[in-house]
Number of protein chains: 2
Amino acid sequence: MGMQHGAMALQLRSLVTAQGELQLSLVDVPVPQPGDHEVLVRMEAAPINPSDLGMLLGPADLGTLRAGGTPDRPVVTARIPDAAMKSVAARVGVPMPVGIEGAGVVVAAGVSGAAQSLIGKRVAAPGGSAYSQYRCVRADELLVLPDGASAVDGASCFVNPLTALAMTETMRREGHKALVHTAAASNLGQMLQRICTQDGIGLVNVVRRAEQVQLLRDIGAAHVCDSSSPTFSEDLLEALVATGATIAFDATGGGTLAGQILSAMEAAAGRSTPQQFSRYGSTVFKQLYFYGGLDPRPVTFQRNFGMAWGMGGFLLFPKLEQFGEETTRRLKQRVAAELKSTFSSHYAQQVSLAEMLDPEVIAVYARRATGAKYLVLPGKGLE
Amino acid sequence: MGMQHGAMALQLRSLVTAQGELQLSLVDVPVPQPGDHEVLVRMEAAPINPSDLGMLLGPADLGTLRAGGTPDRPVVTARIPDAAMKSVAARVGVPMPVGIEGAGVVVAAGVSGAAQSLIGKRVAAPGGSAYSQYRCVRADELLVLPDGASAVDGASCFVNPLTALAMTETMRREGHKALVHTAAASNLGQMLQRICTQDGIGLVNVVRRAEQVQLLRDIGAAHVCDSSSPTFSEDLLEALVATGATIAFDATGGGTLAGQILSAMEAAAGRSTPQQFSRYGSTVFKQLYFYGGLDPRPVTFQRNFGMAWGMGGFLLFPKLEQFGEETTRRLKQRVAAELKSTFSSHYAQQVSLAEMLDPEVIAVYARRATGAKYLVLPGKGLE
């Protein structure tokens, strides 16, 4: 099927040793053989998402990064603080592939008709080993990219686009009419703003710096609140009153922001419908989901937002399972149809697998800064 | 109907003034006239629940309590710290009746058959003005006490019994098989233990002091974890593994306990079904509800329990509404049937309405200490 039997290809591995060391390496693995319902994808592009960094770097102290190995088989190591070893106990000694999504070309397929029909197609795939030259994926998990879309266009078409769509879907299903999003200047945040503009949904964007306000205004955001501004509390309250947002999706996952949002929602509820005083607060149900962990501090809040509230974790793939196949298919179709508009992503840099293991490069993408997203090209420089 | 028209009776009122003062007083109010579907209850006994204290005392600084008025029309005042005035803004200048439940005798009734049929019956009633000599209540909201039950037996038959039953009902409806309860040596906690023993439900009791362990063991508790013990973490984990509890009801509402429980549930999930390492944690859904606020500190937690979790507020009456009429009726029937066994309450002291306003008495019941629950007898000493 175009692949020589016994051929080898590169795969990135992340290993935590019992001695408290993180090792990132490129290893030669046999090109896998697709099962009956699988296809073999030659990976062309895979983003480094914030959610990849946890698996890739774990709790390693990046101040201790050291390069080793050879130029095309680099190995980079770093110390893991003793206190953090408990959190990675389950992966000690197990070299793990990394990369939760990416795009490439189907170069071989299993015997099923569905798999065979994909040969030669450019596809995007979810899953855990995107930083590989080749990988096998179940045919029904793929998204076939539209004509004219490159692997770079399609590399990020699972995590961010589907997460953004899952947010508005969750908002509707749980009976809310508008939403709040934090770290809103991210690629995902920009997609969410475009979705909300298109669908007529009220969106309150919370950002952390003044320059991010303009970025979102430029793509049509009506409500952008800068948490570094002295008027943040008032701005947030006004935006909540204006939109009626009672559900929030928080990417920071630590500190006091979550409680502050619920508290402001409660104040907005009191403002919109003046109620009799109740020490149990309003009857307006307020929900906050954490979907990221940009802020490593503990979550802290004073329960000053009544009793009608919920907090929880928000994770894409279990959420899609809960929505069911039909909804998931509908969301994927929208991603494919609007790949170059609503769901376009921007990358600061394109790197090869080997460059991805350069300590100086790691130091940049590990910062998770807005506008500093990296794209890995697994075929680059290693042919 | 036995009540002279224009008769007056005493009612306790709690007032927050714009000047930052809390005033508790006994006021003479006209005995209310029951509407068509209401009955007039001569109140005989009403407990001081932790949830009454918020309305009664608000955020007043109890170090500043001062007695005033006359022996049978006492007025007691205290300062409210400036910083706390915002939290009570909605009740400034509005004298509020207090008391969320109590029992007494029906002495008059509206014209409806349902109301008329209750005349002379001893009943328990929910609602917000139990610290009164007389009050009107909707006939369909009452619980008729069984023969031989006194008002003292029935005074606490709404909040604690129905809250305890609503916990096991919620546990079942949300798909859990065992539960965790904190501040578990309370009257409510003892009821919950008796319910769980009777219904064969696994219950993990969390208490704060060694002597509370014995109290619960004496009524048959299999799992009691003392948070002041150096082995608390291990004890909690063992109890969670043994019971499979994945839902918790927390009365403390502040500090780090909530997060500690979710974290231990996650560890127990990993122990029961060893899973492949996932940086998103286990797929076992863990829920924690706050139903009280014994601990005034902010809630603080490290999100180290995966993504499959929820937190929220738990409030009895909205919960019963959600369960629906049939379930609520079933739960009430159980309370009446087991009033003197499962749902018996213990009081440290019985006080009159006037004694309830004595600063020394307030200082005791405001502590919310286990075993120091007070019962108010609105008819006592003021006939």
Side-chain angles (χ1 to χ4, degrees), chain A residues 16 51-56 58 86-92 94 96 128 253-254 256 258-259 267 270 274-283 285-293 295-319 321, chain B residues 16 51-56 58 86-92 94 96 100 128 253-254 256 258-259 267 270 274-281 283 285-293 295-319 321:
Chain A
V16 171
S51 39
D52 285 310
L53 294 174
M55 184 64 91
L56 188 71
K86 200 178 153 190
S87 70
V88 288
R91 56 173 288 194
V92 167
V94 186
M96 311 196 79
T256 56
Q275 308 193 351
Q276 220 195 328
F277 175 77
S278 160
R279 67 174 222 90
Y280 298 117
S282 82
T283 56
F285 192 81
K286 301 158 294 287
Q287 175 71 41
L288 184 136
Y289 286 112
F290 296 105
Y291 77 93
D295 186 335
R297 292 177 299 168
V299 177
T300 303
F301 58 90
Q302 202 75 46
R303 292 186 306 106
N304 59 4
F305 33 75
M307 294 297 274
W309 63 277
M311 263 187 197
F314 186 85
L315 193 56
L316 178 61
F317 292 102
K319 193 52 77 175
E321 227 163 89
Chain B
V16 171
S51 39
D52 286 311
L53 294 174
M55 184 62 92
L56 189 68
K86 199 178 154 191
S87 70
V88 287
R91 56 173 287 194
V92 167
V94 186
M96 309 196 80
I100 56 175
T256 57
Q275 309 192 350
Q276 219 196 328
F277 175 76
S278 160
R279 68 172 221 92
Y280 298 116
T283 56
F285 191 81
K286 303 158 294 288
Q287 175 71 40
L288 184 133
Y289 286 113
F290 296 105
Y291 77 94
D295 187 334
R297 292 177 300 168
V299 176
T300 303
F301 58 89
Q302 203 75 48
R303 290 185 309 108
N304 58 5
F305 32 75
M307 293 298 273
W309 63 278
M311 263 187 198
F314 186 83
L315 192 57
L316 177 60
F317 292 101
K319 192 52 79 176
E321 227 164 88

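In the text below, chain A, chain B and the rest are named by the order of the sequence lines, each starting its count at 1. Not measured: the values here are computed from a predicted model.
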Region of A:F314 that comes under 4.5 Å of a non-hydrogen atom in chain B: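 Backbone only.
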Region of A:S51 that comes under 4.5 Å of a non-hydrogen atom in chain B: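 Both parts, heavy atoms under 4.5 Å.
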Restricting to non-hydrogen atoms, name the atom on [X] and the atom on [Y] that form the minimum distance, rounded to 0.1 Å.
X	Y	result
A:V16	A:V88	CG1-CG2, 4.1 Å
B:M55	B:R91	O-NH1, 2.9 Å
A:S282	A:A308	O-CB, 3.9 Å
A:P298	B:Q302	CG-OE1, 3.6 Å

Top contributor to chain A contacts, counting heavy-atom pairs under 4.5 Å, from B:G310, B:G254, B:G253: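 It is B:G253.
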Closest-packed option against chain A by number of heavy-atom pairs under 4.5 Å, given B:G54, B:G259, B:P318: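 Option with the greatest count: B:G54.
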Evaluation steps, side chain to side chain contact (heavy atoms under 4.5 Å, CB included), between B:M311 and B:F301: CA-CA 11 Å; B:M311 263 187 198; B:F301 58 89; 3.5 Å; yes
Partner chain B: residue of A:Y291, A:Y289, A:F305, A:W309 with the largest heavy-atom pair count (under 4.5 Å):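 So the answer, after comparing A:Y291, A:Y289, A:F305, A:W309, is A:W309.
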